[in-house]
Amino acid sequence: MFIKRNSTVLAMLFSVSVPATDSQEQHLTVLKAPNCGCCEQWLKALPDGFSVSVQHPNNLTQRKRDSGISAEVQSCHTAISNNGYVFEGHVPPTLVAHYLAGKKSDNGIGLTVPGMPLGSIGMEMGTQFQPYTVYEIKSDGSITSYRQIVSLERQKALSKEVKSYEQ
């Protein structure tokens with residue numbers, strides 16, 4: 001029993017500390033309002049390497065706060081990875097994949113695109129585009145700029161990177 005319990009503890013420790021690789025499927029739990037169409041469009045843009053479950057909690061705002069997302073950086077939906085990272089709003093799926101692959105700061109808990117910028121993934125309106133910033137949320141609640149999305153062309157280039165992530 002001693003060996004079994006220690007190996008269980010070791011397995012738990014290693015499962016937490018080993019980052020996901022391209023061959024491991026990532027799971028996202030997405031919290032959203034039931035009738036939000038832009039959230040559905042964002043979900044469709046995720047790479048095939050993600051499995052997704054969707055929840056429609058009555059306490060969506062509280063669940064966001066409990067996940068470390070302050071009111072100032074909230075958007076319409078929240079994705080929570082199987083290892084606890086949060087992705088708030090219309091974060092380009094490529095940046096979600098990069099973040100989960102380890103392209104983050106030591107005290108980062110996730111990424112956010114506050115509000116609902118026109119032209120962001122899920123908010124496409126033809127050629128209309130509003131430049132936006134993807135911010136990294138830190139464990140202390142602060143945010144820092146993670147990536148500037150300055151044009152529709154840059155957004156499309158990021159979307160093409162999703163295809164290379166899938167392969």
Side-chain angles (χ1 to χ4, degrees), residues 8-105 107-124 132 134-139 141 143 146-147 149 155-156 158-167:
T8 302
V9 170
L10 285 173
M12 288 175 16
L13 287 172
F14 284 114
S15 68
V16 171
S17 63
V18 176
T21 63
D22 289 342
S23 63
Q24 292 176 315
E25 184 174 75
Q26 286 287 333
H27 181 78
L28 295 175
T29 300
V30 177
L31 311 175
K32 67 179 216 57
N35 298 321
C36 188
C38 65
C39 300
E40 293 298 325
Q41 295 304 312
W42 183 83
L43 287 167
K44 289 177 185 176
L46 289 169
D48 290 338
F50 288 91
S51 67
V52 176
S53 61
V54 176
Q55 297 177 9
H56 304 111
N58 291 331
N59 60 345
L60 183 58
T61 301
Q62 185 60 48
R63 295 273 304 268
K64 290 171 184 278
R65 279 192 294 248
D66 292 346
S67 297
I69 304 165
S70 66
E72 297 79 26
V73 297
Q74 288 182 10
S75 185
C76 55
H77 62 270
T78 304
I80 304 170
S81 72
N82 51 327
N83 49 4
Y85 295 111
V86 296
F87 302 95
E88 177 68 9
H90 296 271
V91 176
T94 301
L95 297 184
V96 172
H98 288 181
Y99 201 83
L100 291 173
K103 295 182 175 146
K104 61 177 216 64
S105 64
N107 63 341
I109 65 164
L111 300 174
T112 183
V113 173
M116 300 170 70
L118 184 64
S120 61
I121 302 293
M123 293 292 298
E124 293 93 343
Y132 63 96
V134 178
Y135 295 96
E136 183 176 32
I137 305 168
K138 308 293 182 145
S139 58
I143 59 170
Y146 186 80
R147 179 79 68 93
I149 312 298
Q155 175 127 309
K156 288 178 181 177
L158 278 173
S159 295
K160 289 178 185 174
E161 288 179 34
V162 169
K163 300 299 179 203
S164 65
Y165 172 78
E166 293 173 358
Q167 298 171 354

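Side-chain N or O atoms of Ser75 include one that pairs as donor or acceptor with a backbone N or O of Gly115 at under 3.5 Å. Without hydrogens or angle criteria, Glu136 side chain to Ser105 main chain gives a donor-acceptor distance under 3.5 Å. For the pair Glu124 (side chain) and Gly122 (backbone), a donor-acceptor distance under 3.5 Å is present.
The structure places NZ of Lys44 at 12.5 Å from SG of Cys39, a figure rounded to the nearest 0.5 Å. Atoms CG and OG1, on Asn82 and Thr29 in that order, are 8.0 Å from each other to the nearest 0.5 Å. His27 NE2 to Ser81 OG: the interatomic distance, rounded to the nearest 0.5 Å, is 9.5 Å. For the atom pair CG of Leu31 and CD1 of Ile80, the computed distance is 4.5 Å after rounding to the nearest 0.5 Å. Atom OG1 of Thr112 and atom CD of Gln74 lie 8.5 Å apart (nearest 0.5 Å).
Side-chain atoms of Pro93 and Ile121, non-hydrogen and from C-beta on, do get closer than 4.5 Å to each other. In this structure, Asn59 and Asp66 have side chains that are not in contact, with every pair of non-hydrogen atoms separated by 4.5 Å or more. In this structure the side chain of Pro92 never reaches within 4.5 angstrom of the side chain of Phe87, judged on heavy atoms. With a 4.5 Å cut-off on side-chain heavy atoms, Ser51 and Gln26 do not count as touching. No side-chain heavy atom of Arg65 sits less than 4.5 Å from a side-chain heavy atom of Arg63. Annotation: side chain of Leu100 is in contact with side chain of Phe50 (closest heavy-atom distance under 4.5 Å). Put simply, the side chain of Leu118 does not reach to within 4.5 Å of the side chain of Tyr132, judged on heavy atoms.
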Trace of the side chain to side chain contact (heavy atoms under 4.5 Å, CB included) decision for Lys104 with Tyr85: CA-CA 11 Å; Lys104 61 177 216 64; Tyr85 295 111; 2.8 Å; yes

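Here the shortest heavy-atom pairing between Met123 and Pro117 reads CB-O, 3.4 Å. Across Val30 and Ala79, no two heavy atoms sit closer than the pair CG2-CB, 4.0 Å. The shortest heavy-atom contact between Met116 and Cys76 is CE-SG, 4.0 Å. Of all non-hydrogen atoms in Ser139 and Ile109, the two that sit nearest each other are CA-CG2, 3.8 Å.
In summary, the side chains of Lys32 and Thr78 do not present any donor paired with an acceptor at a separation below 3.5 Å, with no hydrogens or angles considered.
Considering Leu95, Val73, Ile137 as possible partners of Leu111, the one that fulfils the side chain to side chain contact (heavy atoms under 4.5 Å, CB included) test is Leu95.
Under a 4.0 Å N-O distance rule, the pair Glu88/Lys64 qualifies as a salt bridge.
Taking the ring-ring contact (aromatic ring centres under 6.0 Å, His included) definition, one finds that Tyr146 meets it with Tyr99, sequence neighbours left out.
Judged as a ring pair (Phe, Tyr, Trp, His ring centres under 6.0 Å), the pairs with a partner in residues 55-84 (not counting sequence neighbours) are, in order, Trp42-His77, His77-His90.
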